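Data first, discussion second: the structure below is written as structure tokens.
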Amino acid sequence: MFALHHDAGAYFGASPSAPYRILHPLSPRRLALLVLMATTKPILSVPTLQFDATQAVLERSYYPAAQVASHPSAQGPLHHAASGPRISDSLLPLPRDPVPVPLPVPSPTRSFWTHGEADANPLAREGSDGELTKDADVCVIGSGITGVGAVWHLVEGLKALGGRKRVVVLEARDFCSGATGRNGGHLTANLFIDFQRKQALYGTEDAVRASRLENYVTQSLLNLIKSSGASEAVDLQQDGHITLLFTPEEEVQARADFAAAKAAGVQGLDTVQFIDAETMNKTRGTPYPGIYGPGNNLWPLKLMTKAFRLAQSSSPGVEVLLHTHTPVTAVHSTSELSFNPARRYTLETPRGTIECDTVIHATNAYANALVDPVTTGIRVVPTRGQVIAVRPTTEGSAPTTIKGGWGANEGFEYWFPRPVNGQDERQLVILGGGREVASPKYEFYEADDGKVNENVGSALRRFLPGVYPEGLREVKTEWEWSGIMGFTPTGDPFVGRLKGEGEGQYIAAGFSGHGMPRAWGCAEAIAGMILANMKGAEWVFPEWIPKHYVPS
């Protein structure tokens with residue numbers, strides 16, 4: 001019998017960068033050691049190293065089989081390793097027959113962010129009654145971080161143009177009730193994870209731009225919060241972020257990505273620390289190595305409410321209106337019979353129509369409910385994510401106080417503790433993930449956030465006791481909800497004008513579960529394009545937007 005020296009390195013702090021050693025036939029002493037490892041090894045409720053499996057399913061649903069088979073670089077699914085471009089690394093012009101994407105379901109699960117306080121969402125039904133606005137300069141479809149970000153940056157730019165302008169936001173359900181109101185509550189820039197893959201696909205400059213975007217967006221939102229005095233109102237916590245590495249493979253790849261990013265000149269890496277398993281166990285109560293860096297947590301819906309209200313009140317020359325519970329069912333060119341035939345577009349809703357010159361699609365997972373994937377080349381796959389809010393009920397021999405934001409398992413799981421009101425209150429931990437147990441589809445093309453996946457929920461409820469085996473024995477679930485993310489095979493969004501749809505339709509969508517540190521900046525880029533068009537000027541490409549985000 002032979003054994004590969006993997007687990008000892010993963011759980012007892014051996015250096016995973018050293019070559020793994022093949023052990024000789026088991027002696028009684030070595031057998032005893034392995035038995036000890038088996039009995040002390042934490043039992044995780046989720047499988048590890050599942051990125052390749054989920055990615056393969058996403059690719060098979062996205063690309064025609066003939067194109068996959070004939071592509072010279074079709075060597076398997078895209079992964080973090082920098083082994084060069086593969087089939088999923090460039091979006092092919094003719095996607096597989098798309099699955100129809102519905103509008104958001106009318107009755108989603110109740111998230112902590114939308115219902116955790118009596119007045120958590122004061123704009124929930126704003127503009128849902130009465131007469132629908134008939135005419136606007138710009139219509140924004142969606143009221144999450146992308147839609148609100150677009151409004152914020154448009155208003156800032158429209159002030160300088162003078163005259164009177166009107167921006168109307170149309171939301172299918174409650175204000176900010178999509179992914180932004182249903183996520184994990186993290187605002188943390190990813191500075192280097194996955195850097196080598198991006199470098200191999202798009203070049204060093206664009207890989208650096210991707211890191212720069214996340215830094216830029218994170219700092220922009222922190223500046224907005226602090227300049228408006230909203231830190232307490234949005235429950236801002238700046239306690240850093242830890243990425244746990246459950247397997248030696250993850251640590252090897254993370255160190256390689258870090259070295260490549262540092263060599264390329266990525267800013268902010270001086271604050272990053274790799275922490276060995278023994279130190280993590282002593283200081284954090286978890287027997288896995290980790291990476292510590294800057295990180296923030298907050299109440300996303302409250303931040304968007306603050307930003308939207310600031311945009312509404314910042315300029316008397318720009319009117320900003322919101323119509324919730326007003327789903328857009330179609331967008332088409334205006335006709336002579338339209339309310340204002342001088343406008344370019346008519347948007348249809350169950351409450352009537354509205355005409356405008358510019359349309360921003362800020363619907364992420366639901367983009368293809370309105371955007372034709374064949375004519376535009378834009379294809380976003382709705383993917384259901386799941387989050388729970390749990391409170392420890394039974395502590396172990398070494399009670400653990402969780403601090404700051406956490407992520408693990410190739411990014412599948414993420415969690416952080418809410419602020420406590422007193423010493424006697426136990427932490428409420430917001431924990432998301434578990435999608436890797438939902439094989440064979442992994443929740444791709446699941447667009448119903450009115451339901452939860454029981455298998456995912458079960459894995460999440462058992463997750464924290466496995467991560468903190470001596471600190472947490474049992475937890476009580478107080479909240480459980482789902483939300484729909486928008487995935488692309490490369491994990492990157494589409495940002496820019498919709499080709500084949502005239503001069504006035506724009507999109508920022510496909511954030512692949514990582515929108516908080518990217519969407520606000522992508523919305524700023526869209527606003528910049530629109531403002532440049534209004535002024536008859538050329539849009540200047542910002543240094544913080546990756547060029548491959550913007551379709552040519």
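Worth saying up front: this structure is predicted, and the values here are computed from it rather than measured. Basis for what follows: all heavy atoms, side chains included, without hydrogens, waters or symmetry-related copies.
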- [ ] Decide, yes or no, whether a salt bridge links Arg384 with Asp448 under the criterion of side-chain N to carboxylate O below 4.0 Å.
- [x] no

TODO: Among Thr146, Leu322, Val151, find the residue that satisfies the side-chain contact (heavy atoms from CB on, under 4.5 Å) test when tested with Val140.
DONE: Val151

Open item on the list: Can you confirm whether or not the ring centre of Phe308 sits under 6.0 Å from the ring centre of Phe175?
Closed with: yes

TODO: May I ask you to decide if the ring planes of Trp544 and Tyr216 are parallel, tilted or perpendicular, using 30° and 60° as cut-offs?
DONE: parallel

TODO: Step by step, work out the side-chain hydrogen bond (donor to acceptor under 3.5 Å, both in side chains) result for Thr109 and Arg182.
DONE: CA-CA 9 Å; Thr109 52; Arg182 319 184 72 76; 2.7 Å; yes

TODO: Check step by step if ring-ring contact (aromatic ring centres under 6.0 Å, His included) holds for Phe112 and Trp299.
DONE: CA-CA 9 Å; Phe112 175 83; Trp299 196 307; 5.0 Å; yes

- [ ] Measure the shortest side-chain to side-chain distance between Ile242 and Leu244 over non-hydrogen atoms and say whether it is less than 4.5 angstrom.
- [x] yes

Open item on the list: Run the ring pair (Phe, Tyr, Trp, His ring centres under 6.0 Å) test against Tyr468 and tell me which residues pass, sequence neighbours left out.
Closed with: Trp406

Task: Asp492 with Arg518: basic N within carboxylate O range, under 4.0 Å - done: yes

Open item on the list: I'd like to check Lys226 versus Ser231 (side-chain heavy atoms, cut-off strictly below 4.5 Å). Are they in contact?
Closed with: yes

Open item on the list: We want to know whether Glu410 and Gln50 form a side-chain donor-acceptor pair, criterion being a heavy-atom distance below 3.5 angstrom.
Closed with: no

TODO: Determine, stepwise, if the pair Glu250 / Thr247 fulfils side-chain hydrogen bond (donor to acceptor under 3.5 Å, both in side chains).
DONE: CA-CA 5 Å; Glu250 290 176 87; Thr247 65; 3.1 Å; yes

- [ ] Check whether any side-chain heavy atom of Val475 lies under 4.5 Å from a side-chain heavy atom of Thr393, and answer yes or no.
- [x] no

TODO: Start with the C-alpha distance between Phe258 and Phe195, add both sets of side-chain angles, then the distance that settles ring-ring contact (aromatic ring centres under 6.0 Å, His included), and finish with yes or no.
DONE: CA-CA 8 Å; Phe258 178 83; Phe195 186 86; over 10 Å; no

- [ ] Check step by step if side-chain hydrogen bond (donor to acceptor under 3.5 Å, both in side chains) holds for Gln196 and Gln253.
- [x] CA-CA 9 Å; Gln196 285 185 299; Gln253 188 61 57; 3.0 Å; yes

Open item on the list: For residues 425-440, which residue pairs pass the salt bridge (charged side-chain N to carboxylate O under 4.0 Å, His left out) check, not counting sequence neighbours?
Closed with: Arg391-Glu425

- [ ] May I ask you to decide whether Asp235 forms a salt bridge with Arg418, counting only side-chain N to carboxylate O separations under 4.0 Å?
- [x] yes

- [ ] Indicate yes or no: does Lys451 engage Glu446 in a salt bridge with an N to O separation below 4.0 Å.
- [x] no

Open item on the list: Taking side chain to side chain donor-acceptor pair (under 3.5 Å) as the cut-off, I'd like each qualifying pair that reaches into residues 115-127, sequence neighbours left out, listed once.
Closed with: Glu117-Lys302, Arg125-His325

Open item on the list: Less than 3.5 Å apart, any donor N or O on the side chain of Gln238 or Asn296 sitting next to an acceptor on the other?
Closed with: yes

Task: Note: Asp276-Lys282 ion pair, threshold 4.0 Å (strictly below) - done: no

Task: Distance flag, aromatic centroids of His241 and Tyr292, threshold under 6.0 Å - done: no

- [ ] Report yes if the side chains of Val467 and Phe246 come closer than 4.5 Å at any heavy-atom pair, otherwise no.
- [x] yes

TODO: Classify the angle between the aromatic ring planes of Phe463 and Trp415 as parallel (below 30°), tilted (30 to 60°) or perpendicular (above 60°).
DONE: perpendicular

